[in-house]
Participant: 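Mind looking over this structure? Questions follow.
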2 protein chains.
Amino acid sequence: MNIGDIAQRTGLPAKTIRYYEEIGLVTPRREANGYRVFDDKDIHRLTFLARARALGFPIEDCRTLLALYKDDTRASADVKRIAQDHLAQIEDKILQLQSMRDTLTHLVHECAGDNRPDCPILKDLAKG
Amino acid sequence: MNIGDIAQRTGLPAKTIRYYEEIGLVTPRREANGYRVFDDKDIHRLTFLARARALGFPIEDCRTLLALYKDDTRASADVKRIAQDHLAQIEDKILQLQSMRDTLTHLVHECAGDNRPDCPILKDLAKG
DNA sequence: CTTGACCTTCCCGTGACTGGAAGCCCTATC
DNA sequence: GATAGGGCTTCCAGTCACGGGAAGGTCAAG
């Protein structure tokens with residue numbers, strides 16, 4: 001399986017897969033011509049990565065999660081801690097964004113959005 | 001007013017203020033010794049920037065908003081459009097994050113978090 | 001034999017800073 | 001007058017997770 005096929009099967013862009021190799025997340029073997037060849041294990045790792053990334057885990061978390069996955073003697077507590085920390089970050093970000101959204105919604109509502117220069121949005125930004 | 005005082009008054013790190021100068025968002029004059037000197041207009045612009053950035057507007061939006069603010073002949077519609085587009089992006093991101101949060105919350109709930117290796121989180125990531 | 005679709009590496013750019021090094025400037029103190 | 005400190009300057013590198021694009025090798029089909 002060449003990188004193009006793998007990209008299709010995992011949904012990851014070829015560029016991303018090459019990047020993952022560069023930082024040591026996958027290590028496909030090479031054919032004589034230099035092409036990467038991916039076996040089932042590589043595909044599995046990449047699928048795992050795609051899913052973990054889709055859940056927003058940073059790359060280094062993904063690396064750790066992969067290591068834990070491979071380790072039969074892991075404690076699920078270690079996995080859970082990573083997930084909980086990440087979850088906390090996400091919840092934090094949601095709160096920040098909601099606060100921005102609320103302010104912006106209010107301001108946009110107040111603004112006439114016509115040809116006149118009078119604008120509560122700018123007024124608010126200017127007053128600090 | 002030197003950069004340190006301005007940093008305190010605006011809440012922006014000195015590094016950030018220098019960066020804003022570098023990309024042309026402020027243009028403080030210089031003293032003979034090379035130190036930046038900020039006048040009231042600079043302070044006002046920086047306060048505006050701090051507030052716009054706090055609402056999540058990207059730098060280039062901030063640049064445009066500053067230009068609109070200075071332009072007495074602006075149409076509030078132009079400001080409103082920028083704010084609405086930005087708001088839409090934020091709402092998008094909130095939805096993405098909420099989806100991640102929901103999945104993660106579920107997985108974390110399912111995971112015992114003990115010494116045993118059995119872990120629904122890893123199971124979910126692995127199955128893709 | 002050529003075309004076109006693959007694949008390779010390499011390097012730069014993204015956004016908005018942040019950290020750190022090397023060095024100048026100013027004031028206060030001994 | 002030397003020195004210590006704090007603040008200021010510039011410049012360079014790093015962040016995070018890729019994406020774009022150039023220059024060139026490879027392979028299957030016609």
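All values reported here derive from a predicted model rather than from experimental measurement.
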Participant: Tell me, which of residues 54-70 of chain B have any heavy atom that sits under 4.0 Å from an atom in DNA chain D?
Facilitator: none

Participant: Please answer: with hydrophobic residues joined when any side-chain heavy atoms are less than 4.5 Å apart, are M100(B) and L95(B) in the same cluster?
Facilitator: no

Participant: Using a cut-off of strictly less than 4.0 Å, decide whether R36(A) has a side-chain nitrogen or oxygen near OP1 or OP2 of dT8(C).
Facilitator: yes

Participant: So which of R36(A), M1(A), K41(A) actually passes side-chain contact (heavy atoms from CB on, under 4.5 Å) with P28(A)?
Facilitator: R36(A)

Participant: Could you state the CD1-P distance from I17(B) to dT10(D), rounded to the nearest angstrom?
Facilitator: 13 Å

Participant: Counting distance only, does the side-chain N/O of T16(A) pair as donor-acceptor with the main-chain N or O of L12(A) below 3.5 Å?
Facilitator: no

Participant: Taking all non-hydrogen atoms of both residues, which atom of R53(B) and which atom of P58(B) are closest, and how far apart?
Facilitator: NH1-CA, 3.9 Å

Participant: What I want to find out is whether E60(B) reaches R63(B) closely enough, with some N-O distance under 4.0 Å, to be called a salt bridge.
Facilitator: yes

Participant: Which residues within residues 18-32 of chain A lie with some heavy atom under 4.0 Å of an atom in DNA chain D?
Facilitator: Y19(A), Y20(A)

Participant: Between R45(B) and L49(B), is there a donor-acceptor pair closer than 3.5 Å when you use the side chain of the first and the backbone of the second?
Facilitator: no

Participant: Less than 6.0 Å separating the ring centroids of F38(B) and H44(B)?
Facilitator: no

Participant: What is the distance, rounded to the nearest whole Å, between atom CD of Q89(B) and atom C1' of dG15(C)?
Facilitator: 13 Å

Participant: How many Å lie between CD1 on I3(A) and P on dC18(D), as a whole number?
Facilitator: 13 Å

Participant: Using atom types as modelled and distance alone, determine if a side-chain donor or acceptor of R74(A) lies under 3.5 Å from a backbone N or O of Y69(A).
Facilitator: yes

Participant: Using the side-chain contact (heavy atoms from CB on, under 4.5 Å) definition, which of the options D42(B), V37(B), D39(B) pairs with R29(B)?
Facilitator: V37(B)

Participant: Measure from the side-chain N and O atoms of R51(B) to the backbone N and O of L55(B), and report whether any donor-acceptor pair falls under 3.5 Å.
Facilitator: no

Participant: Determine, for nucleotides 19-30 of chain D in 5'-to-3' order, which nucleotides have protein heavy atoms under 4.0 Å from the base (write B), from only the sugar-phosphate (write S), or from neither (write -).
Facilitator: SBB---BBS---

Participant: Pairing donors with acceptors under 3.5 angstrom, does anything connect the side chains of S76(B) and D114(A)?
Facilitator: yes

Participant: Using whole Å, report how far CD of Q8(A) lies from C1' of dC6(C).
Facilitator: 13 Å

